[in-house]
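Single-structure report; data block below.
Chain letters run A, B, ... following the sequence lines, proteins first, then strands; residues in each count from 1.
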Protein chains: 2
Amino acid sequence: MSGNVLNDKTLELIAERFRLLGDPVRLRLLQTLEAGELSVADLVAATGAAQASVSKHLQLLLRGGLVQRRRQGMFVYYSVADGRVFELCDVVCGSLTAYLERELEQLGGHAGGDGEGRTPGHHDQGNG
Amino acid sequence: MSGNVLNDKTLELIAERFRLLGDPVRLRLLQTLEAGELSVADLVAATGAAQASVSKHLQLLLRGGLVQRRRQGMFVYYSVADGRVFELCDVVCGSLTAYLERELEQLGGHAGGDGEGRTPGHHDQGNG
DNA sequence: TGACCATATGCACATAATCGAATATATTAG
DNA sequence: CTAATATATTCGATTATGTGCATATGGTCA
């Protein structure tokens, strides 16, 4: 972006990559892999998703170049190949937070009174 | 991300937002709006998409808080409400470029010789 | 070799997303 | 009010995407 005009093919590639990130299971896998490489079995245990599901999502991430794999004995270890995904998630989190705060102001009528500065980087977290 | 553990609901919200960006028509609309606000008719003319399609995609972007609207007479002018989308697209472009360069090295064997530093910001552009 | 384990894939099904055509709504002008 | 224009929405068809189950593949070990 940033003043460029992208052709249709490039735009489709970008969209495809966004779609790749547009699934909660895949996001969970990436987040779980953030700490370091894990086997498929580890990921199944960590995420609670079915083995077939995990494996299929990993293939998608692999083809998209977001993760890489390494075989060791019977196990296959996956790891994040492109740390930019976390940057993307952070930006989206910020975008979401800003959006929700705008929504709140719309409804309740500027109760917080923080003015314009939104509390940066507290995102959501906290398990529910 | 960045060391946080996001709950399922948050993860679903993030995924949903990525999906919102996962359509080439919507990306084209956002890119077209980058220069400034435009009416629906303008966007239809600029993108070549059907009026109903443009209108529907705009509603999705609107509900997601990525664009905002302003009515003036019979026309409705849309503009980008969250500039982060362009940042996201830039990061994805970089990710794509890196991925494709890795693919190239895999196949042809390091012909470019750029080493690690990818040429920043040249993306793709050039209409096809 | 065959038993066994981890991972990947194929298939049927359900659901979500997109599109095109038609139509509804909103706004202005007469 | 009606006519005209811009935008939004509905409907049906089509396609993409995700899931669960079963099974295939690839590797280790006896």
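Along DNA chain D, the nucleotide nearest to G22(A) and the one nearest to D42(B) differ in position, and the one closer to the 5' end is contacted by D42(B). Judged by closest nucleotide on DNA chain D, R63(B) is the one of R63(B) and R71(A) placed further toward the 5' end. Toward the 5' end of DNA chain C, the nearer of the two residues L58(A) and Q72(B), judged by each one's closest nucleotide, is L58(A).
Using a 4.0 Å cut-off on heavy atoms, the residues of residues 44-53 of chain B that approach DNA chain C are A52(B), S53(B), listed by number.
Look at CE on M74(B): it is 11 Å from P on dG30(C), rounded to the nearest Å. Between Y77(A) atom OH and dA6(C) atom C1' the separation is 11 Å, expressed in whole Å. Rounding to whole angstrom units, CG of residue L29(A) and P of dG18(D) are separated by 12 Å. We find that CZ of R69(B) is positioned 11 Å from C1' of dT25(C), with the value rounded to whole Å. The CZ atom of R70(A) sits 15 Å away from the P atom of dG27(D) (whole-angstrom rounding). Atom CG of L20(B) is separated from atom P of dT17(D) by 16 Å (rounded to the nearest Å). In this structure, the CD atom of E12(B) is 11 Å from the P atom of dA16(C), given to the nearest Å. Separating the CD atom of E37(A) from the P atom of dT7(C) is a distance of 12 Å, rounded to the nearest angstrom.
When distances are taken from the side chain of F75(B) to each of dT9(C), dT7(C), dA6(D), the shortest belongs to dA6(D). Side-chain atoms of V40(A) lie closest to dA8(C) of the nucleotides dA8(C), dG18(D), dC19(C). The side chain of V25(A) approaches dT19(D) more closely than any other nucleotide in the set dT19(D), dT7(D), dG27(D). Side-chain proximity of R19(A) to the nucleotides dT7(D), dT17(D), dA8(C) is greatest for dT17(D). Of the candidates dT5(D), dA8(D), dT7(C), the closest approach to any side-chain atom of S55(A) belongs to dT7(C).
Residues D82(B) and G65(B) share a closest heavy-atom pair of CB-O, 4.1 Å. Among all heavy-atom pairs drawn from L30(A) and V80(A), the shortest one is O-CG2, 4.1 Å. Taking every heavy atom of both residues into account, L11(A) and P24(B) meet most closely at CD2-O, 3.6 Å.
R84(B) places no side-chain N or O within donor-acceptor distance of the main-chain N or O of V91(A), the cut-off being under 3.5 Å. Using modelled atom types, no side-chain atom of D90(B) and backbone atom of E87(B) make a donor-acceptor pair closer than 3.5 Å. Between the R26(A) side chain and the L20(A) main chain, a donor and an acceptor come within less than 3.5 Å of each other.
H57(A) has a side-chain polar atom (N or O) that falls below the 4.0 Å cut-off from OP1 or OP2 of dT19(D). Contact annotation: Y78(A) does not reach the phosphate of dA6(C) (side-chain N/O to OP1 or OP2, under 4.0 Å).
Linking Ile, Leu, Val, Met, Phe, Trp and Tyr whenever their side-chain heavy atoms come within less than 4.5 Å leaves L43(B) and Y77(B) in two separate clusters.
No N or O donor and acceptor, one from the side chain of K56(A) and one from the base of dT7(C), sit under 3.5 Å apart.
Evaluated for a side chain to side chain donor-acceptor pair (under 3.5 Å) with E37(B), the options R70(B), Q68(B), R69(B) yield exactly one hit, R70(B).
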